[in-house]
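Whatever order the structure lists ligands and atoms in, that order sets their numbers, starting from 1. Just so we're clear, the structure is a prediction, and the values are computed from it rather than from any experiment.
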Amino acid sequence: MKTVGVQVWDTAGQERFRKSMVEHYYRNVHAVVFVYDVTKMTSFTNLKTWIEECNGHAVPPLVPRVLVGNKCDLKDLIQVPSSMALKFADAHNMLLFETSAKDPKESQNVDAIFMCLACRLKAQRSLLCRDLEGRPGQPRRLEPTHAANGKNSCPC
Ligand SMILES: Nc1nc2c(ncn2[C@@H]2O[C@H](COP(=O)(O)OP(=O)(O)OP(=O)(O)O)[C@@H](O)[C@H]2O)c(=O)[nH]1
């Protein structure tokens, strides 16, 4: 068994903070979790801008990204149907998790997000180590067999 340490940076989601997102948020980032509020369509439509923001800071495609719809306990207030979110997640090669930070019955998906990312990062690292174990002095290119294809690469 291997322990994977995870450092999570929570950025402010409001538009007025977006412009002040500083370079160091993006530097050396290993994974990105895009969170929207299932009861607020605007938070979902804003995802496009956040993804562009991320791409604009040259976050490499190998960096796994997941999409999280939070507040799924508020069933009567849902504005973003799962089907719409799934379509978006598929189009951007991300896994979709629907979670609630409030309802303990739905909270297991919060753990699943980080477990999944930890598994992916560990798998990427193993792949990298395996590739670097090639002939001495012969650098080898890391083929993105696992990592770049986000959806099917999770070993969980
Ligand atoms: N019902 C419900 N309320 C939630 C859930 N998650 C957060 N909240 C509530 O939503 C409000 C905003 O929560 P925050 O944790 O401040 O949200 P945030 O994404 O950090 O907000 P920003 O800092 O603006 O990005 C608080 O009143 C929380 O109690 C959830 O899963 N279900």
Polar contact flag for Cys72 and ligand 1 (N/O pairs, less than 3.5 Å):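 Such a contact does not occur with ligand 1.
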Min N/O separation Lys102 to ligand 1 under 3.5 Å: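 Yes; the residue has a nitrogen or oxygen that sits under 3.5 Å from a nitrogen or oxygen of the ligand.
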Ion pair check, Lys102 and Asp73, cut-off under 4.0 Å: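 Salt bridge: no.
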Side chains of Gln7 and Trp9 in contact at under 4.5 Å (non-hydrogen atoms):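 A side-chain contact under 4.5 Å exists here.
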Where ligand 1 meets Leu74 - atom numbers and elements under 4.0 angstrom, heavy-atom basis: 1 (N)
Those atoms of ligand 1 less than 4.0 Å from some heavy atom in Asp73: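 Numbered from 1, ligand 1 contributes 1 (N), 2 (C), 30 (C), 31 (O), 32 (N).
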Whether Glu98 side chain and Cys72 backbone form a donor-acceptor pair below 3.5 Å: no
Donor-acceptor pair, side chain of Ser43 and main chain of Asp37, under 3.5 angstrom: yes
Neighbour count above 12 (heavy atom, 6.0 Å) for Lys105 NZ: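 For Lys105, atom NZ is not crowded (no more than 12 foreign heavy atoms under 6.0 Å).
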Side chain, backbone, both or neither: Asp37 near ligand 1, heavy atoms under 4.0 Å: neither
